[in-house]
Amino acid sequence: MTEERALNFIEEIVENDLQTGKNNGRVHTRFPPEPNGYLHIGHAKSICLNFGLAQRYNGKTNLRFDDTNPVTEDTEYVESIKEDVRWLGFEWANELYASDYFDVLYAFALNLVKQGLAYVDDSTPEEIAAQKGTPTEPGTPNQYRSRSIEENVQLFEEMKAGKYPDGAKVLRAKVDLASPNMHLRDPLMYRIRHAHHHRTGDKWCIYPMYDFAHGQSDAIEEITHSICTLEFIPHRPLYEWFIDKLEIFPSRQYEFARLNLTYTVMSKRKLLQLVNEGHVEDWDDPRMPTISGLRRRGYTPASIREFCERIGVAKRENLIDVGLLEFCIREDLNKTAWRRMVVLDPIKLIITNYPEGQTETLHGENNPEVEGGEGGRDIPFSNELYIEREDFMEVPPKKFFRLGVGLMVRLKHAYIVKCESFVKDADGNVTEVHCTYIPESKSGNDTSGINVKGTIHWVSVPGAKTAEVRLYDRLFKSENPAAEEGDFKDDLNPNSLQIINAFVEPDLAEALPGKGYQFIRKGYFTLDKLSTDEKLVFNRTVTLKDGWVKK
RNA sequence: UGUCCGAUAGUAUAAAGGUAGUACGACGGUUUUUGGUACCGUUUGUCUUGGUUCGAAUCCAGGUCGGACAACCA
């Protein structure tokens, strides 16, 4: 059951269509990526919108690859896109390709040529651009615009037959060279490209442009609501012009504002640059805003869907605080992640009154958020432990609820200890903290009557395992790197990745791939794909919210 | 000096002429064997100038600001 929420403007349109009986009450959307890159969180917004609409109104959603440009596209991307959509939790009604429609599209084009609404133009790209005029000046027709229908039919057939080299000719719609909308100034429909297509092979040497493929594909599939981003608004009159002249199914286009996130970039071009120039490991680098990156980082599908739900859908430009995404993953993982103890930056804690060589096995629940704790695990304990360096201070300030000489804390799942002294090395760094423990304060049956403010995590030196832990920070230094002057890469955060070695409790050797773990007091982590039995590697998904501010 | 889209707390997003609300954030508190979680509280907003109206975030007009559009990309 979804929570009560105000409708967004697209849902209002759909409900209105449903009420007026449009499309016989049918709702059919599509998610139409071009297979030339990996999906990112911005696509997730579109996926949640399109699939969510169909779910809500009992409709269907097609997955359609907009593969009309053979030189940039590849099956590698097709596969990753399918994987990502499925991972997000959606199932498409049909897997379709614009390239499946090349024959129909060609027939549509011939139809327009025969109506005198399209013509073959021999001009160079530069000439065409010049003849289009400017936003304030109308375009000017050239001699090709008045070619006869017969000549156009023959030329277009010859284009298809491969008689001309790349760039020699294009097919253009004859709309209005004086339109204030630049997209109506005789837009290109087909260009010549003697290139191998990942699906149609070498069958074609002419390929339709976006404007003569997308809307037509929508019509062929009888898409009722074709949802795209704001930059396509000027294309809509052309979208409708083709539907009108071709007398095909009247799909309608609606536009919403794309997602922007603070401290990252969202354009495929920029993400590709980060990969190609080695600023990140790959498309699935955990710092990337790609779906595969977020997955590797430890984000769950539910958290991303929740995020998309919370950001809403509107037409105004936006820049969402990445803190909201972090809130969503914390909210999810808090309920599902198993708690474990890991020391990231160790110093030793010696319990002077606990017999050297003695060990005992303590118990810790897996998840305190769930009734019964979801079971638990054994934790070895001894007189020699690792604790976090930041949990001890030589000169503790007021309200420092951790260790300092004379202060007491509880060791999570274990005993209360009192700090008696500490040891420094030659450089003045603290290396050991010496404590005494209170035997009757054992977790679970504490009869000591002592209350302490702080509880800290620890790992027993005997039994401790090591792991590589990768700590991530924002990829860019400024909130909106795309808006910065100059090269956006100058804004890259040089400290976005920190790799450390940590001591982890032994149970973590059994960590499951894909599962979220909370390293108590430190954050949420998950096994990286590079992790092996010999060498554990964890990614930090997100830190815990930290209410402690040093004065 | 064109056409189109937009403007509500710090960030997002509601209110369809009738109480400006919600979430995240921030701040404060309660609980707590995670300075987490949970719970409670506080905080800040309708771009501007006019008009219509008993009443305007909402309708109208002008202005301001932001964005998109002149790829053989999508």
Side-chain angles (χ1 to χ4, degrees), chain A residues 5-8 12 32-34 36 66-69 71-73 98 121 123-125 128-130 132-139 166-172 179-185 188-193 206-207 209-211 213-214 228-237 255 257 262 268-269 309-328 330-331 334-335 339 341 364 368-369 399-402 409-414 416 441 443-444 446 451-457 479 518-524 543-549:
Chain A
R5 167 179 63 80
L7 299 181
N8 65 49
E12 282 183 6
E34 182 187 10
N36 69 344
D66 231 336
D67 57 349
T68 58
N69 186 1
V71 303
T72 58
E73 297 155 7
D121 193 326
S123 308
T124 64
I128 287 177
K132 275 196 182 178
T134 69
T136 51
E137 299 162 78
D166 287 5
K169 287 176 167 43
V170 291
L171 184 72
R172 287 228 258 172
S179 171
N181 182 343
M182 298 298 291
H183 293 276
L184 260 20
R185 321 253 264 225
L188 271 60
M189 293 167 58
Y190 270 92
R191 77 284 216 185
I192 300 172
R193 276 260 212 291
I206 57 171
Y207 291 92
M209 302 287 292
Y210 167 85
D211 283 310
H214 199 101
C228 60
T229 46
L230 253 30
E231 63 269 30
F232 292 99
I233 288 177
H235 295 250
R236 196 194 323 135
E255 310 87 7
T262 54
K268 269 190 202 169
R269 202 194 96 245
E309 186 68 28
R310 283 173 178 264
I311 57 178
V313 178
K315 294 189 80 160
R316 81 185 75 128
E317 310 278 337
N318 59 76
L319 180 60
I320 309 280
D321 189 339
V322 72
L324 184 62
L325 219 208
E326 295 178 343
F327 166 81
C328 291
R330 285 191 190 107
E331 184 187 44
N334 176 52
K335 292 281 192 285
R339 313 295 129 123
M341 293 199 287
E369 293 295 313
K399 294 198 175 169
F400 182 74
F401 304 138
R402 309 180 198 178
V409 296
R410 173 173 292 282
L411 297 170
K412 180 78 179 174
H413 300 307
I416 292 174
S441 67
S443 193
D446 182 348
N451 279 314
V452 291
K453 282 287 221 177
T455 299
I456 65 171
H457 60 282
E479 276 204 333
Q518 185 195 103
F519 293 178
I520 292 175
R521 300 209 300 142
K522 297 273 71 170
Y524 294 101
T543 61
L544 252 29
K545 198 174 150 191
D546 191 3
W548 165 248
V549 279

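All values below were derived from every heavy atom in this structure, side-chain atoms included, with hydrogens, water molecules and symmetry-related copies excluded. Note that the structure is a prediction, hence the values are computed from the model and not measured. Residue numbers start from 1 in every chain, and the chains themselves are labelled A, B, ... in the order their sequence lines are given, proteins ahead of strands.
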Inset, instruction - Walk me through it: do A/Lys268 and A/Glu34 pass the test salt bridge (charged side-chain N to carboxylate O under 4.0 Å, His left out)? - result: CA-CA 11 Å; A/Lys268 269 190 202 169; A/Glu34 182 187 10; 5.0 Å; no

Legend entry - Partner residues of A/Ala129 under the side chain to side chain contact (heavy atoms under 4.5 Å, CB included) criterion, sequence neighbours left out: none

Legend entry - side chain to side chain contact (heavy atoms under 4.5 Å, CB included) partners for A/Pro180, two or more places apart: none

Legend entry - Summary of protein contacts for nucleotides 32-40 of chain B, nucleotide by nucleotide, where a base hit scores B, a sugar-phosphate-only hit scores S (4.0 Å, heavy atoms): -BBBBS---

Inset, instruction - Please measure how far the P atom in B/rA38 lies from the corresponding atom in B/rA23, and state the result in whole Å. - result: 13 Å

Legend entry - Gap between atoms CG and P, on A/Asn318 and B/rA12 respectively (whole Å): 6 Å

Legend entry - Residues in side-chain hydrogen bond (donor to acceptor under 3.5 Å, both in side chains) contact with A/Arg191, at least two apart in sequence or another chain: none

Inset, instruction - Quote, to the nearest angstrom, the P distance that separates B/rC73 from B/rG17. - result: 47 Å

Inset, instruction - Just jot down the ring-ring contact (aromatic ring centres under 6.0 Å, His included) partners of A/His235, sequence neighbours excluded, or say none. - result: A/His183, A/Tyr210, A/Phe232

Legend entry - Between B/rA12 (P) and A/Glu309 (CD): distance, integer Å: 18 Å

Inset, instruction - Measure the distance from CG on A/Leu324 to P on B/rA26 and round it to the nearest whole Å. - result: 12 Å

Legend entry - Non-neighbouring partners of A/Tyr524 that pass ring-ring contact (aromatic ring centres under 6.0 Å, His included), sequence neighbours left out: none

Legend entry - Under 4.0 angstrom between A/Arg310 side-chain N/O and B/rU22 OP1 or OP2: no

Inset, instruction - Would you indicate which nucleotide in B/rA12, B/rC5, B/rG6 comes nearest to any side-chain atom of A/Ile233? - result: B/rC5

Legend entry - Pairwise C1' distance for B/rU46 and B/rG41, with rounding to whole Å: 25 Å

Inset, instruction - Taking atom P in both B/rC60 and B/rU43, compute the distance separating them and give it to the nearest angstrom. - result: 35 Å

Inset, instruction - State which residues pass side-chain hydrogen bond (donor to acceptor under 3.5 Å, both in side chains) with A/Lys412; sequence neighbours excluded, sorted by chain then number. - result: none

Inset, instruction - Write out all pairs satisfying side-chain hydrogen bond (donor to acceptor under 3.5 Å, both in side chains) with one or both partners inside residues 314-326 of chain A, taking only residues at least two apart or from two chains. - result: none

Inset, instruction - Could you summarise the pairing of RNA chain B as dot-bracket text, marking Watson-Crick and G-U pairs under 3.5 Å with ( ) or [ ] inside the strand and | across strands? - result: .((((((..((((....[..)))).(((((.......)))))....(((((..]....))))))))))).....

If you restrict it to nitrogen or oxygen atoms, what contacts under 3.5 Å exist between nucleotides 64-74 of chain B and the protein, and what is each distance?
unit_1	atom_1	unit_2	atom_2	d
B/rG67	O2'	A/Glu317	OE2	2.9
B/rC69	O2'	A/His183	NE2	3.0
B/rC72	N4	A/Ser123	O	3.0
B/rC72	N4	A/Gly167	O	3.0
B/rC73	OP1	A/Arg193	NH2	2.9
B/rC73	OP2	A/Arg191	NE	3.2
B/rC73	OP2	A/Arg191	NH2	2.9
B/rC73	OP2	A/Arg193	NH2	2.4
B/rC73	O3'	A/Arg191	NH2	3.2
B/rC73	O2'	A/Asn69	ND2	3.2
B/rA74	OP1	A/Thr68	OG1	2.8
B/rA74	OP1	A/Arg191	NH1	3.3
B/rA74	OP1	A/Arg191	NH2	2.9
B/rA74	OP2	A/Tyr210	N	3.0
B/rA74	O4'	A/Glu34	OE1	3.4
B/rA74	O3'	A/Asp66	OD2	3.3
B/rA74	N6	A/His235	NE2	3.3

Legend entry - Partners meeting side-chain hydrogen bond (donor to acceptor under 3.5 Å, both in side chains) with A/Asn69 (sequence neighbours left out): none

Legend entry - N/O donor-acceptor pair under 3.5 Å between A/Asn36 side chain and A/Glu73 backbone: no

Inset, instruction - Write down the distance separating the P atoms in B/rU19 and B/rA57, rounded off to the nearest Å. - result: 10 Å

Legend entry - Interatomic distance where CZ belongs to A/Arg236 and P belongs to B/rU3 [whole Å]: 17 Å

Inset, instruction - Determine the Euclidean distance between corresponding P atoms of B/rG66 and B/rU52; express it in Å to zero decimal places. - result: 31 Å

Legend entry - Whole angstrom value for the distance that separates C1' of B/rA16 from CG of A/Asn8: 15 Å

Legend entry - Counterpart residues, side-chain hydrogen bond (donor to acceptor under 3.5 Å, both in side chains), relative to A/Ser441 (two or more places apart): none

Inset, instruction - Take atom C1' in B/rU8 and the same atom in B/rU44, then report the distance between them in whole Å. - result: 13 Å

Inset, instruction - Apply the test side-chain hydrogen bond (donor to acceptor under 3.5 Å, both in side chains) to residues A/Ser179 and A/Asn181: give CA-CA distance (whole Å), side-chain angles for both, the deciding distance (0.1 Å), then the verdict. - result: CA-CA 5 Å; A/Ser179 171; A/Asn181 182 343; 5.4 Å; no

Inset, instruction - Could you measure between the two C1' atoms, the one in B/rU49 and the one in B/rC65, and give it in whole Å? - result: 15 Å

